[in-house]
Structure formats: C-alpha cells, structure tokens
2 protein chains.
Amino acid sequence: MDKPIADFGDSTDRQSAHSALTQLRAFIAQKDVDADPRLPPERELCDSLGVSRGELRKALAVLEAEGHLWRHVGKGTFVGQRPLEDSADISTLASQTNPSEVMRTRLLLEPLLAREAAMNATSGDIEEMRLCLRRSRQAETWRQYENWDNHFHRAVAQAARNTLLLGLFDTLNTVRRAVVWGRLRPNLKAPSPDHHSFAEHEAIATAIENRDLDGASRGMRQHLESVARKLENRGDEL
Amino acid sequence: MDKPIADFGDSTDRQSAHSALTQLRAFIAQKDVDADPRLPPERELCDSLGVSRGELRKALAVLEAEGHLWRHVGKGTFVGQRPLEDSADISTLASQTNPSEVMRTRLLLEPLLAREAAMNATSGDIEEMRLCLRRSRQAETWRQYENWDNHFHRAVAQAARNTLLLGLFDTLNTVRRAVVWGRLRPNLKAPSPDHHSFAEHEAIATAIENRDLDGASRGMRQHLESVARKLENRGDEL
DNA sequence: CATTCGATCAATCAGGAATTGGTTAGACCA
DNA sequence: TGGTCTAACCAATTCCTGATTGATCGAATG
C-alpha cells in the first residue's frame, strides 16, 4: 500500500535513467487501472516519484511508444489503448473525404439498403415512399424536388428496419450535404419537370413493394449510376 | 420594413386566437430567415406581437406541427426543417440498437468492405493485415486476441481505401463495443489457442491479396456467420 | 372556465479560470 | 562541451458559474 516508490530517488546517477522508467512501471502496476486509467498529471507524478519532469517524460514516452499508455494535451495521461478518434464527427469526416468518395460510398451502401428494404419494409414504409414520389412530381422548384428526393432515399433506408444501418445512412447523408455545400449549383432556376429519376424511383419503390430483393438493389444501383453519370458531365449536384 | 406587426393587438377577442398565428406568420415572412433562421425568444416575441405567451406558444405549436419551424430547450426557435439528430452520436445510436442489429449490419457492411479491399488494397495494407494475423496467433490472453482481431477487421476496412466508408465502419465498431459492453463475458480465462477464426482470417487476407473480389466478400461473410453462429449458442461475445 | 401571469425546471450556451501535456530558454553542473 | 534541471510559456481541454431559453405547473383574474 504505502510501498516506497520515491525511496529510490537517491540511486546512482548512472541508473537514474532506468530508475524513472522502473518507478513509473511500478507505479502503474500498483495502480488499479480498471477503476481509473488516468495517471496523475506530470507535475505531480514527477514530484511523487522524485524525478525531474524531463526524465519522467522520457519514461512516459517509452511506455507510450510501447502502446501501454496514451497522452493528450489538456486531458491527461491514461493507461491502456488510445481510443480511436471520434470518427463520428461529421466535420472531421467531411474534411477528409471528397465528392467522388461520397458517390462511391452511396453506390455501395444504398443498393444494399434497398435490398434490405425489400425484405423488411412495412406497408407504412411503402406508403411513405409513395408519398415522396407524388410530392417530388408536384415540386415547383428544384429545391423542393431535392428535398423530396432526399426524403425518398431516407424512406428507403428507414424501410430497411435497421436503426443502426439507418444511423450510418444519416451520417453518410450529412457528410454528403456538408461536402456538396461548398459547390455552386448553376441551374437553380430549372424545376425539372419530367426527369429520368422519376421512373427510376418508381422502379425502386415497386421492386420493394413486390419484395423483389435483386430488383430493388439493381434499381437503386442503376439510379445512382445515372445520377453519377449526369453529374460527371456537369459537376453540380451530387 | 417597419410594417406594423403589433397593430392588430386590439382586434376582437373572437379573432385573437387567429391573430397570434397570423401575426407570427407575418413576422416570419417579414424576417430574413436565410440570414438568421433563429426567432427571438418567446418572452420577447410575445411582447413584440402583443400577445400572451400561452397564445404565442399555441401559434408556435401549429407552425411546428406544420414543419415550418422547430424548437429546442436552451437553444431557441428556428425557422426551417429540424436538423436531423446528430446520428453520429454514438451513445444515441447505441441506445437505439441491439446486438442482433449490430451483427446483421456487420454481415451487410464488412463483406462489402472486404470486396473493396480486394480491389484497392496496397501492399502496406496487406502487410498490416498479415501482422494482425501473426499477433493474434501469438496472443496469450483472450483480451489480446480480441484486440488483434479488431485490428484485423479494421485493417481490412482501411484497405478499402475509402475514408468515408472507413469512418462508417469505425462508427459501427464503436457502437458495437458500446452495445456489447453491458454484457458479461463468461469464459475470459480461455486464451483460445487454435480457434477456427484463424483459418477464416487467413482466407480473407489471401483473397484480398489475390484480388479475388468475390472470394474476399464470401470469406468475410462466412467468417461473420461463423462468429454469429458461435455466439448464438452461448451469448457472450459479439 | 379559459386566460394570463409568475415562478420554477432542465437543457443549453457563453465566458473565464484552472488544468495539463508539449515546448523552449537559460541556469547549472560535471 | 554536453547533459540535466528549472522555470516559464503555449495550446488544448476541462470545469465551473451565470445567463438564456423552451417547457411546465399553479395561483390569480375576469
């Protein structure tokens, strides 16, 4: 309990370098890391162990390199593995990715969602999707159309009946909007009356309604590919 | 500009209920919502419009039900669509989902990641995966094995070379750990020397190395199915 | 009976003070 | 000359306090 941890402070200079590391290891071993993985601040610790801060920091650096602890300014020093960066942070994700990646990710994720939707959709889900289609046809501005288009895609995701997957979709969607926000949209005036997307949306909804797994997946993939092709020609929307 | 908005305050009592709503609508219409979608606090607003707070809140409730504005305690009242809840919030996701959903989501996402990895992995990625396999074989405790198992799966995700997809994987992974944390792990003592997972991991890595898209996807799916089957029998790990 | 007003609550935000790992410069010693 | 210690400062983070703000309840009011 009150084992001497600072009593080695007067060891020979030649061994002092080892001493700091050894004492630190002893201190960690003696500590109940499960209860509180946090180490005392450096200024306290170097005082407790009777070593200078520089030497303590050298020892800490060794243990950090070994992966036994991790440090962060303002937070402290902790025993254990460094927690993975909070990748859920939208702004971080948005800053690391690019429109091409977003499109590729949509092409991977959304057909999969459509397939799950075909398997699990309730009648309410299908009704919601139908509503989105009607509204998107009635849209008078491009903004409104976009809005209902987004609603449709989310309705499909919701129909997959998997809250976690829906959460991932929402994250993707948020990132997509964050990424695309910086870009200008040249032809905002066009309300886009016919639009090939209508038929594609219709096909997806019908496939989901008919429990046609492959059809729903394929329909979504073709729809997104068509969108991707369109924005390759003129780089506006995503 | 200084159009009268509070001048209707002395209208007949019979119309006062409408008055609050009408005045509120007028106020919002007159406001430049794009510049600042935030409405003044209720206490100010009901004073400006010359209506009681209760009546104002009724009107606000109507407009909120119509989807024209959204409110939140401590934040204020805002014109426009309610921003979708920060679904990146791990704790929220974790509280809404369950182990079964997590497993199903893994079964959907990770084979897809393995396929992408087979397409895009660099030699460094493959080296990293191999390292994880060696370390997981050398593991002396189950905890260590779990650790390197996680590392392997993340290495695969990283090999997909899509930062956004990697971010989604990390989110899924974090949620998984959060969900599984509440559960007890009965046989922590077993270090698990042979373990069928070794061969499965090996097959995945080899398929990725050989650019065998279907093989990588299939291998990952089979591996996860085997894990799922195992924890169906005894409900410990995820 | 409905409305209004006041008080209170809980969530949120804003600001500053304190904490903490990281860094640098100078003193000190061998 | 080279290494070490000390002090000070920096930047990121946390903690605390007070003020805002929507939500809610109760008494007064008419």
Quiz item: Among the nucleotides D:dA8, C:dT20, D:dT21, which one has an atom lying closest to any side-chain atom of B:Arg43?
Solution: D:dT21
Quiz prompt | Selection from C:dT4, D:dT14, C:dA11 that lies nearest to any side-chain heavy atom of A:Lys75 | solution = D:dT14
Tell me the interatomic distance from [X], atom [atom1], to [N], atom [atom2], rounded to whole angstroms.
X: A:Glu42; N: D:dT13; atom1: CD; atom2: P; value: 16 Å
X: B:Leu69; N: D:dT21; atom1: CG; atom2: P; value: 16 Å
X: A:Leu39; N: C:dG22; atom1: CG; atom2: P; value: 12 Å
X: A:Arg53; N: C:dT23; atom1: CZ; atom2: P; value: 11 Å
X: A:Leu24; N: C:dG21; atom1: CG; atom2: P; value: 12 Å
X: B:Leu45; N: D:dG22; atom1: CG; atom2: C1'; value: 13 Å
X: A:Leu63; N: C:dG21; atom1: CG; atom2: P; value: 15 Å
X: A:Leu56; N: D:dT4; atom1: CG; atom2: P; value: 14 Å

Exercise. Would you please say whether a donor-acceptor pair under 3.5 Å links the side chains of B:Glu101 and A:Thr163?
Key: yes
Presence of [X] side-chain N/O under 4.0 Å of [N] phosphate oxygens OP1/OP2:
X: B:His72; N: C:dT12; answer: yes
X: B:Thr77; N: D:dT21; answer: no
X: B:Arg38; N: D:dT21; answer: yes

Quiz item: Within the side chain of A:Asp125, is there an N or O that forms a donor-acceptor pair under 3.5 Å with the backbone of A:Thr122?
Solution: yes
Self-check item: Short side-chain to backbone donor-acceptor contact, B:Lys58 and B:Leu21, under 3.5 Å
Solution: no
Practice problem: Anything under 30° is parallel, anything over 60° is perpendicular, the rest tilted; go ahead and classify A:His201 against A:His153. | Solution: perpendicular
Practice problem: Using the closest heavy atom to pick a nucleotide of DNA chain C for each, name whichever of A:Arg57 or B:Lys58 lands nearer the 5' end. | Solution: B:Lys58
Quiz item: How far apart are the C-alpha atoms of A:Met220 and A:Leu113, what are their side-chain angles, what is the distance that settles it, and do they pass the side-chain contact (heavy atoms from CB on, under 4.5 Å) test?
Solution: CA-CA 9 Å; A:Met220 181 63 85; A:Leu113 278 163; over 6 Å; no
Quiz item: Just checking A:Gly76: base, sugar-phosphate only, or nothing, at a heavy-atom cut-off of under 4.0 Å?
Solution: sugar-phosphate
